[in-house]
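Scroll down for the structure; my scribbles are underneath it.
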Protein chains: 2
Amino acid sequence: MTQAAVIARSEAQESGKAAKILDAARRVFMADGYGAASMDAIAKAAGVSKATVYAHFAGKDQLFAAIIAERCRAHSAIPELEDVERATPEEALLALGRSFASLVLAPEVLDLYRIVVAETPRFPELGRTLYETGPKRGIARLADYLQRLTDRGLLDVREPDIAARQFFGMIRSDLYLRRLFHISDAEVGITVEQMVASSVAMFLRAYARRA
Amino acid sequence: MTQAAVIARSEAQESGKAAKILDAARRVFMADGYGAASMDAIAKAAGVSKATVYAHFAGKDQLFAAIIAERCRAHSAIPELEDVERATPEEALLALGRSFASLVLAPEVLDLYRIVVAETPRFPELGRTLYETGPKRGIARLADYLQRLTDRGLLDVREPDIAARQFFGMIRSDLYLRRLFHISDAEVGITVEQMVASSVAMFLRAYARRA
DNA sequence: GTCTATAATTGGATAGAC
DNA sequence: GTCTATCCAATTATAGAC
């Protein structure tokens, strides 16, 4: 079995050594990042010797890259916008805004983001992987939805691609920075829900049909 | 002289060994980050021995923290909004949006951001420093300006603090991510200027005075 | 203060037995 | 495949001479 195949089913209850190593590597890399994580720590966490780790995986670099790519895929679920065709734009955008905020502010996603940003110089392709499994797909899907709303005459969005980026950018705002740096929301006095609600309302005013 | 005092005037043409070490440390840390930078490399770049580095600075941690805090201050210049009182809101926001984009997308600022994000677990206070010298002050200043525009009856911004966050969030959008990951603008087909112009127009529509 | 030389430790990777 | 033991390189930090 190839390494990729092993990784692909790493979520299963496979209890072979390879799976144990992958599980351990995921935990250690996510907790410590690439530099601070050691192959000793991974071997210990997996309950095997270091030599066994090297029998299954070529080296630290490849093991890391495999884990990170898998994590990007694991968090790439896009909130469905399919049966929202029946909902009003306001309902749909509120739901989308909330799911988006929950996703990008989740601690595991912030950890992943932090690690990929940190290791961009050493692993340039991981940044691209994260961008393409995450933001790129989300933007494309929202742009599509905005185009449909425009076609139906419910909104007036002339540059759906730009508008989608604006929508996500507003909701993320500086929230992700504060979470990344562990600056509490209380200190700022704005909640996530406030930011989402206010941004959806503002977005709808800006892109309402014009007379 | 204290370390802080030395650092405070590190931009001057002070050519003592302490200043040479600080200059070298800045270059090496900015290029390699904390983990990959070595005290050997810093000593070599400064043209002194490693023992001399340790004679002036307590250790790698403190030298790093000092350099990063200094870099945050160095990049904390806020575009003036003072004599824009005479400009139209559109002119003022366009100018602000452009300066903001130039600032946060500058390679040195992206490097600083990447390094602070990477080292947040080890140096939690640096994230706070970056947030407070950067986004926090920019948001406060824009919120102030939006409040004044509302007072003068030129706009209708009821939550200036939230609106300021929306403005910066829209302009940054996913641009900073793409720059961070070296994904070319050409690949996406949207320029910075387009993003700024479209966002300012959209912002003004959303916060125009209502009838 | 400054240098050379050297601890002391860590961590990636492997040899060789089983 | 798996383990123990080890190699080798890199790195932080310091001792001791000048």
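Letters A, B, ... are given to chains in the order of the sequence lines, protein chains preceding strands, and every chain is numbered from 1.
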Completion exercise
Comparing nearest nucleotides in DNA chain D, the 5'-proximal residue of the pair Ser49(A), Gly59(B) is Ser49(A)
Spacing of [X] atom [atom1] relative to [N] atom [atom2], expressed in whole Å:
| X | N | atom1 | atom2 | result |
| --- | --- | --- | --- | --- |
| Gln62(A) | dA13(C) | CD | C1' | 13 Å |
| Lys50(B) | dA5(C) | NZ | C1' | 10 Å |
| Ile21(B) | dG1(C) | CD1 | C1' | 10 Å |
| Met39(A) | dC8(D) | CE | C1' | 17 Å |
| Lys60(A) | dA9(D) | NZ | C1' | 14 Å |
| His56(A) | dA13(C) | NE2 | C1' | 16 Å |
| Ile42(B) | dT11(D) | CD1 | P | 11 Å |
| Lys20(A) | dG1(D) | NZ | C1' | 14 Å |

Practice task
Compare side-chain N and O positions of Thr52(A) against OP1 and OP2 of dG1(D) and report whether any pair is under 4.0 Å apart.
Solution key: no
Handout entry: side-chain N/O Tyr54(B) vs dT14(D) OP1/OP2, d < 4.0 Å
Key = no
Handout entry: Closest-nucleotide 5' rank along DNA chain C - winner of Ala55(B) and Ala51(A)
Key = Ala55(B)
Handout entry: Mutual orientation of the aromatic rings belonging to Tyr34(B) and Phe64(B) [parallel < 30°, tilted 30-60°, perpendicular > 60°]
Key = perpendicular
Problem - Aromatic ring pairing Phe168(B)/Phe100(B), orientation class (parallel under 30°, perpendicular over 60°, tilted between) - result: tilted
Exercise for the section: Using only heavy-atom distances, decide whether a donor-acceptor pair under 3.5 angstrom links the side-chain of Lys17(A) to the base of dG1(D). Expected result: no
Handout entry: Side chains of Ser49(A) and Thr52(A), donor plus acceptor under 3.5 Å
Key = yes
Problem - Side-chain donor-acceptor contact under 3.5 Å, Tyr207(B) with Gln166(B) - result: yes
Fill in the blank from the handout: Quick note, Asp40(A) side chain, CB onward, closest among dG12(C), dT11(D), dT4(C) is dG12(C)
Handout entry: NE2 on His56(A) to OH on Tyr54(A), rounded to 0.5 Å
Key = 14.0 Å
Exercise for the section: Answer with base, sugar-phosphate or nothing: what part of the nucleic acid does Ala37(A) contact at a heavy-atom distance below 4.0 Å? Expected result: sugar-phosphate
